[in-house]
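Quick notes on the structure that follows.
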Number of protein chains: 2
Amino acid sequence: MRDERRPTLTDVAERAGVSKSLVSLVMRDEPGAGAETRRRVLEAAGQLGYQPDSRARLLRSGRSRLLGVVFGIQHPFHADLVTGLYTAARETGYELALSAVTADRDEAEAIAGLLQDRCEALILLGPHSSAASLARLSGRMPVVSLARPVRHTGVDVVRSADAEGSGLAVDHLAGLGHTAIAHIDGGRAPGAAERRRGYRAAMDRHGLTGRILPGGLTESEGAAAARALLADPPTAVTVFNDRCATGVLDVLSRNGIAVPDELSMVGYDDSSLARLAHINLTTVAQDVTTMTRSALTRAIARVQNEPITRREIIVPPHLVVRGTTAPPA
Amino acid sequence: MRDERRPTLTDVAERAGVSKSLVSLVMRDEPGAGAETRRRVLEAAGQLGYQPDSRARLLRSGRSRLLGVVFGIQHPFHADLVTGLYTAARETGYELALSAVTADRDEAEAIAGLLQDRCEALILLGPHSSAASLARLSGRMPVVSLARPVRHTGVDVVRSADAEGSGLAVDHLAGLGHTAIAHIDGGRAPGAAERRRGYRAAMDRHGLTGRILPGGLTESEGAAAARALLADPPTAVTVFNDRCATGVLDVLSRNGIAVPDELSMVGYDDSSLARLAHINLTTVAQDVTTMTRSALTRAIARVQNEPITRREIIVPPHLVVRGTTAPPA
DNA sequence: CTGAAAGCGCTAACAA
DNA sequence: TTGTTAGCGCTTTCAG
């Protein structure tokens with residue numbers, strides 16, 4: 001039963017008693033077919049369970065209408081971004097082709113897979129490739145870097161105003177009365193430099209002395225930083241991202257340091273992690289909806305050769321106050 | 001510069017001074033071309049930066065050599081499975097097409113996308129669709145359910161021996177001297193029923209009285225269960241999965257209950273979460289490598305119409321002892 | 001070992 | 001409004 005050939009456009013045409021072109025038009029919802037014909041075609045297609053073959057369709061039309069997305073399968077924030085991209089892709093006429101970076105599959109490999117699928121543009125989530133190789137890639141097709149700045153005029157960038165985001169966190173804590181505010185940074189991770197810079201600037205603005213501890217983007221790096229913090233704890237800390245903050249939280253609670261009573265903490269990303277009731281992390285939210293919509297719009301604009309003015313789209317973040325911040329004791 | 005047409009097989013043939021068929025053979029590493037010809041073709045292809053168009057190739061050959069994978073983008077364990085699948089797919093001659101289930105994109109939609117791509121088989125990670133709709137699907141193409149049992153003869157299943165896995169956890173705890181061992185379950189999640197059954201059986205075997213608390217597969221469900229536990233804590237607990245266990249851990253440490261000194265805990269999955277230094281969770285490891293390799297092998301076997309004896313492949317789990325279990329105080 | 005020719009399923013010109 | 005025709009880039013017979 002499984003080996004019956006799939007119905008083709010020709011089958012539908014025969015059954016409906018019309019030509020292939022008519023069927024083609026109807027299936028694509030293009031004008032140029034009479035109401036009665038349209039009905040007959042759809043009926044025939046329905047009876048046969050016809051589904052157009054995208055490969056043939058795209059081969060003929062010379063385009064794939066496919067947007068490649070490279071993401072890190074272990075990154076919770078990338079999960080949020082992919083979710084947003086799928087939503088944004090609805091009704092655009094473009095499909096997403098996902099390609100994951102895993103422990104065993106690097107970015108180059110993930111990109112290579114998409115190239116073979118003839119994607120028309122690439123959206124890379126927090127890409128790690130060098131600016132040079134991204135530049136080379138952008139010579140072949142439009143490339144949008146999402147959530148990581150890239151210093152090359154050929155590559156579009158959509159990202160949060162990370163410096164500003166860090167500033168929001170510091171402002172919030174300073175507003176609560178904190179003066180000893182540390183920052184656990186993200187090392188060389190995408191966005192980390194910006195967030196560090198924003199932290200420093202905001203501390204200066206408030207006339208406070210900053211203190212930056214090396215962190216990273218994973219829980220264990222956060223835990224390590226937290227242990228370093230225990231010797232001489234500040235009253236508040238801003239952390240590179242939520243995942244790292246989770247590690248910090250864990251070490252603090254194991255060492256009997258109450259959050260927020262003894263120590264306030266602000267994360268970054270507003271990932272699903274932060275929203276969990278038992279974590280309930282005050283955090284800087286990247287506007288995922290706007291970011292993903294912008295990335296998609298930009299990719300499509302490039303594909304369609306529309307004129308573009310600003311290469312970088314910078315989306316303002318906002319603070320989400322939850323349960324991990326309070327005035328100092 | 002971006003608008004140069006991509007080189008085609010014909011371009012390569014012209015440049016190498018041979019016919020299209022030869023180029024085709026050489027590109028596919030098929031026998032039937034002389035060494036010198038082969039060299040010339042590869043040289044020409046290299047110079048032009050030629051990459052075969054998979055659409056055209058597959059259109060012509062009538063097959064897509066594509067295996068569809070449906071996964072939940074918010075599930076850490078699915079991330080591990082996808083990682084394994086990519087690795088297993090190496091050298092098989094098949095490619096993976098990823099389709100994610102998100103908050104805004106359900107399983108049916110994810111599957112529909114893959115159908116249009118003409119995947120030859122589907123691998124569904126912990127699918128939520130009804131047995132009936134999976135059965136219908138399996139009438140069209142081979143379907144492998146990974147990490148969830150499906151009661152239908154048309155659907156292949158690859159999963160852990162979950163009952164046995166729960167047993168391992170209980171045996172370990174009982175071996176340490178625990179007698180008050182509770183289980184926080186996974187409700188209706190894939191595998192939960194099996195794990196519950198295994199827990200009960202093992203408790204019986206040890207002559208112990210069981211206690212099952214409703215949990216779930218997320219951190220917050222774990223946290224809720226943990227709060228229920230606080231009133232009358234056992235000395236040990238086995239938890240449906242690592243993610244849920246993380247939530248439990250968090251509530252315990254916030255309430256000053258030391259793990260493992262006052263309470264031992266065993267998770268399930270050995271997800272990357274469990275391996276984090278600050279969590280360091282004793283857990284039941286599903287053999288991801290074997291599971292993903294089996295799922296892939298099975299899917300390919302079905303595609304190639306090989307005879308198959310056992311519809312279900314059940315992979316034994318094993319215990320990974322880390323830092324959250326110790327003898328009772 | 002090599003080449004010529006047919007055609008996968010579809011879309012886009014064009015003609016009717 | 002409808003049908004006809006010619007390929008998209010590739011693989012696959014089948015001759016040479």
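Just so it is clear: chains get the letters A, B, ... in the order the sequence lines come, proteins before strands, and each one is counted from 1.
Within the nucleic acid shown, B:Gly34 comes within 4.0 Å of sugar-phosphate atoms alone, with no base atom in reach, counting heavy atoms only. Among the protein residues, B:Gly62 comes within range of no part of the nucleic acid, since none of its heavy atoms lies under 4.0 Å from any strand.
The side chain of A:Ala56 approaches C:dC10 more closely than any other nucleotide in the set C:dC10, D:dT12, D:dC10. Counting only heavy atoms from C-beta on, A:Ser61 has its side chain closest to C:dA12 among C:dA12, C:dG9, D:dC10. Closest approach to the A:Arg28 side chain among C:dT11, D:dT11, D:dT2 is made by C:dT11 (side chain taken as heavy atoms from C-beta onward).
OP1 or OP2 of C:dT2 has at least one side-chain nitrogen or oxygen of B:Thr37 nearer than 4.0 Å. The shortest distance between the side-chain N/O atoms of B:Arg118 and the OP1/OP2 oxygens of C:dG9 is not below 4.0 Å.
The residue among A:Arg60 and B:Leu58 whose nearest nucleotide of DNA chain D is located toward the 5' end is A:Arg60.
Among residues two or more places apart in sequence or in another chain, the side chain to side chain donor-acceptor pair (under 3.5 Å) test is passed with A:Arg39 by A:Glu36, A:Glu43.
If you check residues 12-25 of chain A against DNA chain D, the residues with a heavy atom closer than 4.0 Å are A:Val18, A:Ser19, A:Ser21, A:Leu22, listed by number. Near DNA chain D, meaning a heavy atom under 4.0 Å away, the residues from residues 44-54 of chain B are B:Tyr50, B:Pro52, B:Asp53.
The main-chain N or O of B:Ala79 is found under 3.5 Å from a side-chain atom of B:Thr83 such that the two form a donor-acceptor pair. With hydrogens and angles ignored, the 3.5 Å screen pairs no side-chain donor or acceptor of B:Arg57 with any backbone N or O of B:Pro52.
Counting heavy atoms from C-beta outward, B:Val70 and B:Ile123 have side chains that stay 4.5 Å or more apart. Side-chain contact check for B:Arg90 versus A:Glu109: some heavy-atom pair is nearer than 4.5 Å. A 4.5 Å side-chain heavy-atom check between A:Leu9 and A:Tyr50 finds at least one atom pair inside the cut-off.
In this structure, the separation between CG on B:Leu146 and CG on B:Leu124 is 9.0 Å, given to the nearest 0.5 Å. Note that OG of B:Ser99 and CD of B:Gln116 are 11.0 Å apart. Values are rounded to the nearest 0.5 Å.
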Apply the test side-chain contact (heavy atoms from CB on, under 4.5 Å) to residues B:Glu312 and B:Arg310: give CA-CA distance (whole Å), side-chain angles for both, the deciding distance (0.1 Å), then the verdict. CA-CA 5 Å; B:Glu312 262 193 312; B:Arg310 300 180 329 294; 5.9 Å; no
